[in-house]
*Asks:* 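Sharing a structure, written as structure tokens. Questions coming.
Every number for a ligand or one of its atoms is a count from 1 in the order of the listing. Note that the structure is predicted; figures quoted are calculated from it, not measured. Basis for what follows: all heavy atoms, side chains included, without hydrogens, waters or symmetry-related copies.
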Amino acid sequence: MNRFSIRLDRCGLRRGITVACGLLVVVAAGTPVRGQCNPQEMGKLTSSDAAADDWFGNVAINGNTIVVGARQDDNATGVDAGAAYVYVRSGPPGSGVWTQQAKLIGTEPVFGLETGDQSGISVAVSGNTALVGAWLWPNGNATGLIYIFVRSGPPGSEEWTQQAAIECPQFGSFQYFGVSVALEGDTAVVGAHVAPGGYGGSAFFYARTAPSGIVQWVPQQVHPSDGVSGDQFGISVAMSPSQDTAVVGASAEDNAGGTDAGSAYVFVKSGNSWVEQAKLTASDGAAMDEFGRQVAIDGDTIVVGSRWDDHAGGANAGSAYVFTRSGTVWTQQAKLTASDAAAGDEFGFALALSGNTVIVGAYSDDHASGVDAG
Ligand SMILES: [Ca+2]
Ligand SMILES: [Ca+2]
Ligand SMILES: [Ca+2]
Ligand SMILES: [Ca+2]
């Protein structure tokens, strides 16, 4: 499964990023035109030790920090063990230079990162904390593990150290814990889209606490209320910056739209517990849309990608749906498609949302640079 993601900074397009075929391009918004941004490329990031088939390009951003996963990176821990790279920006707002600050490679206390674990399949960053998912750990058996790294030290000489390695809370292979991760402050959510139990997958919420000065990440497992095996609940996750609402995609859920039409579930924090608030589906959902393959949230707005949606643009041209919350009720506000949509674009495969701005990736879009250039 090829996977790209976009995380958008709170400042919206001024710090947007796009991904195409493993090349990461940092853009800044130039002079806006009606209804559109006019992004200017700020730079192109590659890793200091880039090599063939690293699959560099799962991205997250917060403030002046970008984290990029390279899940097929070969390193001392093994072939395709994977890694994540941290970049920081220096210079004036709206411009500046991005430089690599660290390469993050997880160290699991018992088994360690191994061949085929693909750490970096998912990444998240908030402040001085980064999460890196290793969905195929251990040794490609796909129980799944996440690593948490923290940054400390004086400006100019910060260092990243591993704060925790958290294994999938349930025993067993092929759960893919860490296929998706999201982090805001001390609150994280991690997907495990093939977790057992007949629920169709799981998501695990984590709260970071430090009783007696010892940092702990305390989990809570959630399932969809109507989940059944094969739903792929947890394939995507997103956490609101307010840390009180999250959304979890279930891209292979069967519903009124058809087989594998897909859905997304909203969870809200009630006291110390996360409870389901709503189930989102597309107003015009159809079989095999994969609605929920990617999700994004900010405040009372959620965007859900439907990369295999067929519409006037063509089969599998793809779309994204915007939902807004009033009180506790979520309703569909808009359906987004590309102005030049064409068959097979997979618009909606990657998403980012900040305030009133959405970025949607279409990684199989054909244009002047080539077929499926994205
Ligand atoms: Ca490799
Ligand atoms: Ca299904
Ligand atoms: Ca389709
Ligand atoms: Ca194409």
Side-chain angles (χ1 to χ4, degrees), residues 1-3 22 46-58 68-85 103 105-106 113-121 134-137 139-140 193-195 198-201 223-224 226-236 248-265 279 281-294 304-321 335 337-338 341-349 362-365:
M1 180 171 52
N2 203 348
R3 177 179 175 81
T46 56
S47 67
S48 56
D49 57 356
D53 292 323
D54 275 356
W55 291 27
F56 177 90
N58 295 322
V68 185
R71 63 168 156 142
Q72 299 222 104
D73 178 56
D74 303 355
N75 52 58
T77 62
V79 174
D80 297 347
Y85 297 84
K103 180 178 183 179
I105 299 174
L113 202 56
E114 300 157 313
T115 290
D117 287 350
Q118 292 197 347
S119 73
I121 174 69
W135 70 329
L136 300 185
W137 177 91
N139 247 164
H193 68 298
V194 197
Y199 303 112
H223 312 291
D226 60 351
V228 297
S229 288
D231 283 355
Q232 301 204 349
F233 173 87
I235 189 74
S236 60
V248 181
S251 59
E253 202 249 351
D254 304 355
N255 52 51
T259 301
D260 295 354
S263 60
Y265 294 82
K279 176 182 179 179
T281 55
S283 58
D284 59 352
M288 302 296 291
D289 276 354
E290 281 220 339
F291 175 96
R293 180 62 182 74
Q294 192 57 268
V304 181
S306 187
R307 65 166 171 153
W308 286 345
D309 181 32
D310 304 358
H311 53 76
N316 298 343
S319 60
Y321 295 79
K335 176 177 180 175
T337 57
D345 279 355
E346 301 201 42
F347 177 92
F349 190 61
Y363 87 125
S364 293
D365 180 40

*Asks:* Would you check if Thr77 and Ile105 make a side-chain contact, meaning some heavy-atom pair closer than 4.5 Å?
*Replies:*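 Yes. Closest side-chain heavy atoms under 4.5 Å.
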*Asks:* Strictly under 3.0 Å, is any N, O or S atom of Ala287 next to the Ca ion (ligand 3)?
*Replies:*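 Coordinating: no.
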*Asks:* Under 3.5 Å, is there a donor on one side chain and an acceptor on the other for Gln232 and Glu253?
*Replies:*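 Checked: Gln232/Glu253 side chains show no N/O donor-acceptor pair below 3.5 Å.
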*Asks:* Near the Ca ion (ligand 2), is there an N/O/S atom from Ala252 that is less than 3.0 Å away?
*Replies:*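 Under 3.0 Å: Ala252 contacts the Ca ion (ligand 2) through an N, O or S atom.
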*Asks:* Looking at the Ca ion (ligand 1), which N/O/S atom of Asp80 is the nearest one?
*Replies:*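 Closest N, O or S atom of Asp80 to the Ca ion (ligand 1): OD1.
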*Asks:* Below 3.0 Å, can you find an N, O or S atom of Met288 next to the Ca ion (ligand 3)?
*Replies:*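 Coordinating: no.
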*Asks:* Quick check for you: to the nearest 0.5 Å, what is the distance between Trp55 atom CH2 and Gln118 atom CD?
*Replies:*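 Between Trp55 CH2 and Gln118 CD, I get 7.0 Å after rounding to 0.5 Å.
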*Asks:* Hey, is the Ca ion (ligand 3) within less than 3.0 Å of some N/O/S atom on Asp309?
*Replies:*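 No, Asp309 does not qualify, because none of its backbone or side-chain N, O or S atoms lies under 3.0 Å.
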*Asks:* If we count only N and O atoms by modelled type, under 3.5 Å, do the side chains of Tyr265 and Asp226 hold a donor and an acceptor together?
*Replies:*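 Yes, side-chain donor-acceptor contact under 3.5 Å.
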*Asks:* Only N/O/S atoms count here: what is the atom of Asp74 closest to the Ca ion (ligand 1) called?
*Replies:*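 Looking only at N, O and S atoms of Asp74, the one nearest the Ca ion (ligand 1) is named OD1.
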*Asks:* Indicate whether any N or O donor in one side chain lies under 3.5 Å from an N or O acceptor in the other, for Tyr85 and Asp54.
*Replies:*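 Per modelled atom types, Tyr85 and Asp54 side chains form no pair under 3.5 Å.
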*Asks:* Suppose you place the vertex at the Ca ion (ligand 2); what is the angle out to Asp260 OD1 and Asp254 OD1, to 10°?
*Replies:*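 That angle works out to 90° after rounding to 10°.
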*Asks:* Restricting to N, O or S, what is the name of the atom of Asp310 that lies nearest the Ca ion (ligand 3)?
*Replies:*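 Going by distance to the Ca ion (ligand 3), the closest N, O or S atom in Asp310 is OD1.
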*Asks:* When you compare the side chain of Lys103 with that of Asp49, does any pair of heavy atoms fall below 4.5 Å?
*Replies:*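 Side chain of Asp49 against side chain of Lys103, heavy atoms only: contact under 4.5 Å found.
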